[in-house]
Amino acid sequence: MNPRKILVTAALPYANGPIHLGHLVEYIQTDIWARFQRLRGHEVLFVCADDTHGTAIMLRAQKEGRSEEEVIAESSEAHQRDFAGFGVSFDNYGSTHSEENRKLCGEIWQTIRDAGLVKSKEIEQLFDAEKGTFLADRFVTGTCPKCGKTDQAGDNCECGHTYAPVELIDPISALSGTKPEVRNANHLFIELEQLREFLTDWTQNGDSLQPEVANYIKGQFLGDDLRDWDISRPAQYFGFEIPDSPGDYWYVWFDAPIGYMASTQQWCEKNGQKLDDWWKNPDCEVHHFIGKDIIYFHTLFWPGMLKTAGYNLPTKVRIHGFLTVDGEKMSKRKGTFVKAETYLKHLDPAALRYFYASKLGPRLDDIDLNLEEFQAKVDTDLVNKVVNLASRCAKFLKPTGLSAQWPDDGGLFKQAADSADEIAQAYEDCDYNKAMRLILAAADRANPFIENAAPWVLKKEEDKAQELQDVCTVAINLFRQLAIFLAPVLPDLAEKTGELLGDPITSWDQAQTPLLGTPINKFKHMMKRIDPKDIAKMTEETKADQDAEASAGAMSELAAKYNDSPQHLIDKPLTEECTFDDFIKVDLRVARVLQASHVEGADKLLQLTLGLGGDEQRNVFAGIKSAYDPADLEGRLVVMVANLKPRKMRFGMSEGMVCAAGGPEATEIYLLDPDNGAQPGQRVT
RNA sequence: GGGGCUGUAGCUCAGUUGGUUAGAGCAGGAAACUCAUAAUUUCUUUGCCGGGGGUUCGAGUCCCUCCAGCCCUACCA
């Protein structure tokens with residue numbers, strides 16, 4: 001078989017939230033496919049990236065008083081940690097906010113311009129003057145123009161009517177709570193209709209799409225003129241500015257898929273290869289794995305862009321359904337909106353990989369994670385049937401190793417070896433549930449074999465030593481075949497099997513030849529059963545997270561009432577976390593200003609004599625001259641750091657500090673003031 | 001309203017181009033065994049293949065229609 005050159009992508013997760021079990025359907029599905037192709041000896045490049053642009057990231061950065069770059073860096077790190085935890089084997093993980101991407105966007109954009117596909121149109125849109133940004137539909141609420149219901153979304157109402165946000169009565173910006181104004185702005189559009197002939201042919205006549213997807217495209221889009229695609233957004237927008245249209249930015253869905261190429265480019269630079277060897281090479285296959293929510297972008301816009309720019313078209317767009325948990329949409333309240341991170345704290349990633357594999361087919365059906373079924377399936381299939389094969393026979397072989405000659409096995413090994421092609425085809429077609437069924441059928445043939453051969457009986461009869469070794473040699477090799485077939489799904493199991501037998505699993509074809517005459521290592525547990533308590537802990541933790549988030553959400557609603565500016569936190573970000581022990585070292589005390597006076601020759605200082613009760617006093621120089629008159633200070637209470645190491649200053653020893661809030665301006669100094677009743681000397685904690 | 005998809009044992013699903021009495025795993029019932037993470041093996045119960053009509057010697061499989069469910073989308077087919 002000639003090695004194929006295969007580029008694999010999984011959809012880019014948005015840099016605005018954690019990876020959860022729903023995301024993982026796709027990344028596990030894609031990873032299994034990529035690992036399968038590698039195992040078959042093909043040249044595979046599996047790339048992904050964080051999707052970083054758009055309004056949502058911009059708003060979040062503003063809200064948190066950080067730069068967009070900080071937000072996306074943090075997110076990328078978390079995403080990659082989660083993916084690694086589930087064994088997702090990306091060759092490169094990039095970001096759409098990269099120089100490689102900016103450059104590729106520019107190049108592709110130019111070809112689209114040159115092809116005459118871009119036009120400019122003025123559209124009316126709501127503008128939030130306070131935030132200085134145009135408002136996407138989902139950021140506007142208002143009164144429905146048809147039925148008069150208040151508090152409806154920007155583009156449709158509960159009553160079933162749809163409208164443009166500018167038609168709303170009393171629109172309100174969800175960003176600032178202010179009333180947005182209608183403004184005109186020029187947007188750039190790609191005239192997709194010009195590509196109709198190509199898109200019709202590509203979606204309907206090729207085999208790049210699943211049949212139901214081709215039908216969907218036909219029914220949903222091709223029946224009418226393809227609408228112009230609004231590809232630009234006016235400032236402010238977090239993204240790439242369009243080089244030949246200053247002040248406009250590419251809409252996030254323009255640069256996101258190009259991120260696949262940018263990530264490839266990064267990998268190429270690290271590995272001395274060329275982008276065009278992957279993206280302009282007719283011998284290279286491109287496989288995109290996506291969810292059914294983004295069909296539109298990957299089957300119309302993206303092929304249109306690639307075609308125009310002269311790059312490879314997707315060989316296949318492989319589309320999967322969504323995840324439900326216990327038959328319902330994932331819900332934070334019910335504890336089923338489980339984050340990848342939370343899962344990993346309690347359960348084995350291999351269990352989820354296997355469960356998803358056993359559920360995934362080539363079609364777009366949603367898959368359900370029924371938690372009882374999950375436990376039963378993993379326990380029965382993997383631990384009881386597969387791993388148990390090794391567990392029950394390995395120790396009989398420890399003294400002798402594997403037989404040198406292949407004994408009579410009733411044709412079992414060959415039968416499994418012969419099923420390799422059918423299993424491989426199922427993997428190739430993303431029909432993993434079929435692959436798992438075929439593999440488990442082989443396990444169901446192996447267990448009766450052992451039962452009939454009864455090695456535990458043979459062991460008791462001295463003259464049956466050879467037979468014992470032979471029977472277990474068969475059993476272990478049947479097990480090894482299963483581990484090879486399961487390797488794309490369970491890389492850890494494959495690795496442990498390699499260790500047990502002193503022969504690493506690296507190729508699909510290893511399932512064709514039994515291992516003979518080699519020693520065997522001590523058997524170690526390879527997988528353990530799922531403890532239902534761990535599942536319960538996982539959902540409990542998810543619920544607790546949700547409660548914490550809900551109260552945080554309620555708090556920020558409260559904060560919104562006061563409209564406090566985030567600017568101070570932006571200017572002076574919070575410092576590193578400290579422990580209680582760190583904090584308690586600082587001895588804060590209530591103190592009375594006994595005397596306050598100007599310091600001759602000092603521009604900013606006042607000299608204070610602070611009383612801590614009785615005769616205990618401190619002499620403190622405080623830089624508060626710009627905001628306070630000494631006469632106003634005498635007699636009042638302040639909070640001071642009472643155990644600060646004395647410091648010699650130009651005008652004398654300073655034996656502490658008074659606490660004050662301060663802004664950027666010299667006059668913005670506000671001494672802390674204990675409430676009535678506090679007495680000098682009392683500790684502040 | 002339009003479009004896409006699904007409906008097979010209690011549960012999760014297979015059923016290839018229409019062909020002999022409709023399958024698997026799990027769950028349920030009975031027994032055997034003890035090497036193994038109480039795992040395994042053998043036997044066993046269960047189906048108006050959503051309803052109705054049609055094509056055919058023959059339909060779960062093709063056609064029509066109705067019903068139910070999921071998803072997408074909107075006054076445009």
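Chain letters run A, B, ... following the sequence lines, proteins first and then strands; every chain starts at 1.
- When the P atom is compared between B:U42 and B:C5, the two are found 41 Å apart, to the nearest whole Å.
- Using a 4.0 Å heavy-atom cutoff across all strands shown, A:Q220 reaches at least one base atom of the nucleic acid.
- The partner of B:A68 is B:U6, judged by Watson-Crick or G-U wobble contacts that both fall below 3.5 Å.
- Atoms CE (A:M436) and C1' (B:A24) sit 16 Å apart, rounded to a whole Å.
- The ring of A:F485 has its center no closer than 6.0 angstrom to the ring center of A:Y427.
- Rounded to the nearest Å, the gap between the P atom of B:A24 and that of B:U41 is 15 Å.
- Considering only the side chain of A:N384, B:A39 comes nearest among B:C35, B:C5, B:A39.
- Of the candidates B:C35, B:C71, B:U12, B:U12 carries the atom nearest the A:K359 side chain, counting heavy atoms from C-beta on.
- For the C1' atoms, the distance linking B:G51 with B:A68 amounts to 10 Å, nearest Å.
- Candidate nucleotides B:U73, B:A36, B:U40 were compared by shortest atom distance to the side chain of A:S391, and B:A36 ranks first.
- Rounded to an integer number of Å, the gap from CG of A:N447 to P of B:A36 is 15 Å.
- Taking the six-membered ring wherever Trp is involved, the centroid distance between the rings of A:F36 and A:W508 falls below 6.0 Å.
- When heavy atoms are screened at a 4.0 angstrom cut-off, A:K434 is found touching no nucleic acid atom at all.
- The number of heavy atoms from other shown groups lying within 6.0 Å of NZ (A:K121) is above 12.
- The nearest whole Å value for the distance from the CG atom in A:L226 to the C1' atom in B:A77 is 13 Å.
- Across all strands shown, B:U42 is found opposite B:A30 as a Watson-Crick or G-U wobble partner, with both distances under 3.5 Å.
- With a cut-off of 3.5 Å on both pairing distances, B:A74 has no Watson-Crick or G-U wobble partner at all.
- Among the protein residues, A:P455 comes within range of no part of the nucleic acid, since none of its heavy atoms lies under 4.0 Å from any strand.
- Residue A:K385 has no polar side-chain atom (N or O) positioned under 4.0 Å from OP1 or OP2 of B:A36.
- Nearest to the side chain of A:E373, among B:U12, B:C70, B:C26, sits B:U12.
- Side-chain atoms of A:D368 and A:T324 form a donor-acceptor pair, as typed in the model, at a separation below 3.5 Å.
- For the P atoms, the distance linking B:U16 with B:C70 amounts to 27 Å, nearest Å.
- Between the side chains of A:W302 and A:H288, at least one donor N or O sits under 3.5 Å from an acceptor N or O.
- If you check every strand for non-hydrogen atoms under 4.0 Å, A:F396 touches sugar and phosphate atoms only.
- B:U12 atom P lies 13 Å from atom CG of A:D365, rounded to whole Å.
- Counting any heavy atom pair closer than 4.0 Å across all strands shown, A:V457 reaches no nucleic acid atom.
- Which of B:C13, B:C70, B:C35 sits closest to the side chain of A:K460 comes down to B:C35.
- Across all strands, A:N388 comes closer than 4.0 Å to base atoms (heavy-atom distances).
- What separates CD1 of A:I217 from P of B:U73 is a distance of 12 Å, to the nearest Å.
- Between B:C64 and B:U56, the two C1' atoms lie 16 Å apart (nearest whole Å).
- Here A:N215 reaches the OP1 or OP2 of B:C5: one of its side-chain N or O atoms lies under 4.0 Å away.
- Between B:A27 and B:G15, the distance separating the two P atoms is 23 Å to the nearest Å.
- When rounded to the nearest whole Å, the span between CD of A:Q204 and P of B:G4 equals 11 Å.
- Atom name C1', nucleotides B:U17 and B:C71: the rounded distance is 30 Å, in whole Å.
- For A:R363, the listed nucleotide lying nearest its side chain is B:U6; candidates were B:C35, B:U40, B:U6.
- The number of heavy-atom neighbours closer than 6.0 Å to CD of A:E495, taken from other residues, nucleotides and ligands shown, is 12 or below.
- In a base pair of the Watson-Crick type (N1 to N3 plus N6-O4 or O6-N4) or a G-U wobble (N1-O2 and O6-N3), with each distance short of 3.5 Å, B:G60 is matched with no nucleotide.
- Shown here, B:A14 forms no base pair; nothing in the strands shown gives a Watson-Crick or G-U wobble contact with both key distances under 3.5 Å.
- If you run side-chain hydrogen bond (donor to acceptor under 3.5 Å, both in side chains) between A:Q37 and each of A:E428, A:H287, A:E285, only A:E428 comes through.
- Between A:I450 atom CD1 and B:U34 atom P there is a gap of 16 Å when expressed in whole angstrom units.
- In the set B:U40, B:C33, B:C72, the nucleotide with an atom closest to the side chain of A:W456 is B:C33.
- Between A:Y296 and A:F221, the distance from one ring center to the other falls under 6.0 angstrom.
- Phosphate contact (OP1/OP2 of B:A36, side-chain N/O of A:K395, threshold under 4.0 Å): present.
- The OH-C1' distance, from A:Y216 to B:C5, rounds to 12 Å in whole Å.
- Rounded to a whole angstrom, the distance from the C1' atom of B:A59 to that of B:U55 is 10 Å.
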